[in-house]
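Keep in mind that the numbers below use all heavy atoms, side chains included, and drop hydrogens, waters and symmetry copies. We name chains A, B, ... by the order of the sequence lines, and we start the count at 1 in each one.
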2 protein chains.
Amino acid sequence: MKERERDVMFIHLDFESEEPIYTQLIHQIIEGIAKKELLPGDPLPSVRAMAADIGINLHTVNKAYQHLKQEGFILIHRQKGVVIHPEGVSKADATYMEKVKRKLRPFIAESICRQVSEEDFLKQCQELFSEFKKDKEGDAK
Amino acid sequence: MKERERDVMFIHLDFESEEPIYTQLIHQIIEGIAKKELLPGDPLPSVRAMAADIGINLHTVNKAYQHLKQEGFILIHRQKGVVIHPEGVSKADATYMEKVKRKLRPFIAESICRQVSEEDFLKQCQELFSEFKKDKEGDAK
DNA sequence: ACATCTGTTATATTATAAGTATAACAGTTA
DNA sequence: TAACTGTTATACTTATAATATAACAGATGT
């Protein structure tokens, strides 16, 4: 077991990573939603509880929550609590797709330099999609 | 014409972006290689010339060059100059593919939340691949 | 020989971002 | 009343990004 890592609930943080903690938190929660481990209306721990659980400062958690709120992933009721957006995340529009494309470009450029075929690259994407849909098997009943 | 932007040769920088300048430089050069605008053996401007052309500090350029050197995109001959790696960039291995997958995961997770179908996501990737191969038409002769 | 170019190294400064540490405020709930 | 909620404010440390000079050592061209 490595040192600077923390696992709490579905949250996995790597304190050694160069990726900021609050960004990791954001991604972990979005992954939870994508995997249907977090459903619309589900409550999230308070900023203090989450901070205490994973051993970081409450402001770092708050920063992540604010970002998630701004992008429509969660709702924050002033004195109630934090919940996954009950009406689901807003669907992708043209602006979002352009953002994705802009962020994807560097990876594809480097992959082309390294002779990764278009087929192999798409295969990686497909594997990731499969990974996220794996946990949806409970839908069968 | 916007203010804080600079276009020199194939290099396009956005000083308003939150993406660091040296990172933008790295990506622009890698894109140039991917598009075959920069071929193995082609010279790159000296750190001072490049810095003067795009109006930034030579250390910022040097930082980008060092990264590109470390990852095998360019060669730096001490008192000669900087050239695109004559023997091409090293091919992708399993480690690189894992890195790509790890970086891709957050985008796919968010896309799933926003109800982007696997097909639509793959289409975006295909469009990017097409974009990079567009400039390869000169191969016909 | 001399001046000019090359990458490299060193030092210093400014600005910004990340993360933490306390503290307090205003509502809610038990 | 006590314990909880998100929020705000202030202060501090650390790291990174970017700039500004300056100098060194080797190569090149005149």
Side-chain angles (χ1 to χ4, degrees), chain A residues 3-6 8 11 13-29 41-86 106, chain B residues 3-6 8 11 13-29 41-86 106:
Chain A
E3 256 306 323
R4 313 233 74 205
E5 286 188 9
R6 290 299 290 271
V8 176
I11 304 296
L13 294 185
D14 179 6
F15 292 86
E16 298 298 296
S17 170
E18 59 181 3
E19 186 186 1
I21 297 177
Y22 81 96
T23 303
Q24 291 185 46
L25 232 185
I26 290 172
H27 289 158
Q28 292 288 312
I29 291 175
D42 279 358
L44 282 178
S46 74
V47 287
R48 288 179 177 84
M50 174 74 88
D53 280 352
I54 59 187
I56 63 177
N57 192 273
L58 93 171
H59 290 111
T60 307
V61 176
N62 191 51
K63 197 173 183 178
Y65 279 5
Q66 290 300 326
H67 278 257
L68 288 167
K69 170 190 170 190
Q70 181 126 10
E71 296 188 353
F73 290 95
I74 63 177
L75 277 189
I76 304 182
H77 298 90
R78 172 83 195 192
Q79 269 84 10
K80 292 180 187 175
V82 183
V83 296
I84 305 300
H85 200 107
Chain B
E3 258 305 323
R4 314 232 74 207
E5 284 187 9
R6 291 298 292 270
V8 174
I11 303 296
L13 294 186
D14 179 6
F15 292 85
E16 298 299 294
S17 171
E18 61 180 1
E19 186 186 0
I21 297 177
Y22 82 95
T23 304
Q24 291 185 47
L25 232 185
I26 290 173
H27 289 158
Q28 292 288 312
I29 292 175
D42 279 359
L44 281 178
S46 74
V47 288
R48 287 179 177 84
M50 174 73 89
D53 282 352
I54 59 188
I56 63 177
N57 193 274
L58 92 171
H59 291 110
T60 307
V61 177
N62 192 50
K63 197 173 184 177
Y65 279 7
Q66 290 300 324
H67 277 256
L68 289 166
K69 170 189 168 191
Q70 180 125 12
E71 295 188 354
F73 290 95
I74 64 177
L75 277 189
I76 304 181
H77 298 91
R78 172 85 197 192
Q79 268 85 11
K80 292 179 186 176
V82 182
V83 296
I84 305 299
H85 199 108

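- Proximity of residues 41-48 of chain A to DNA chain C (heavy atom under 4.0 angstrom from any strand atom) is restricted to R48(A).
- Nucleotides of DNA chain C lying under 4.0 Å from heavy atoms of chain B occupy a range whose first and last members, 5' to 3', are dT6(C) to dA10(C).
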Which letters describe nucleotides 11-21 of chain D, given B = protein heavy atom under 4.0 Å from base, S = only from sugar-phosphate, - = neither? ------SSBBB
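- Considering CD of Q70(A) and CD1 of I76(A), their distance stands at 10.5 Å, rounded to 0.5 Å.
- Residues forming a side-chain contact (heavy atoms from CB on, under 4.5 Å) with Q28(A) (at least two apart in sequence, or on another chain): I11(A), H12(A).
- Between atom CD1 of residue I56(B) and atom OH of residue Y22(B) there is a gap of 12.5 Å, rounded to the nearest 0.5 Å.
- Taking both residues in full, the closest heavy atoms of L75(B) and P86(B) are given as CD1-CD, 3.6 Å, listed atom of the first, atom of the second, then distance.
- Every residue meeting the side chain to side chain donor-acceptor pair (under 3.5 Å) condition with H27(A), not counting sequence neighbours, appears here in chain and number order: E19(A).
- Rounded to the nearest 0.5 Å, atoms CD1 (I74(B)) and CG (D42(B)) are 12.5 Å apart.
- Listed here is the closest heavy atom pair of R48(A) and L58(A): CG-CD1, 3.8 Å.
- Taking a pair as Watson-Crick or G-U wobble with both distances under 3.5 Å, DNA chain D forms stems of 3 or more consecutive pairs at C:1-5 with D:26-30, C:7-25 with D:6-24, C:27-30 with D:1-4.
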Protein heavy-atom contacts under 4.0 Å, written 5' to 3' over nucleotides 25-30 of chain D as B (base), S (sugar-phosphate only) or - (none), form the string BBS---
Going by atom type alone, with no hydrogens or angles, which donor-acceptor pairs under 3.5 Å involve a side-chain atom of residues 59-69 of chain B and a protein atom two or more places apart or on another chain?
residue, atom, partner, partner atom, Å
H59(B), ND1, N57(B), OD1, 2.9
Y65(B), OH, P45(B), O, 2.8

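- Nearest heavy atom pair, residue L25(A) against residue M50(A), reads CD2-CE, 4.3 Å.
- Within residues 64-74 of chain A, the residues approached by DNA chain D to less than 4.0 Å at the level of any non-hydrogen atom are Q66(A), K69(A), in residue-number order.
- The structure places CG of D14(A) at 9.5 Å from CD1 of I21(A), a figure rounded to the nearest 0.5 Å.
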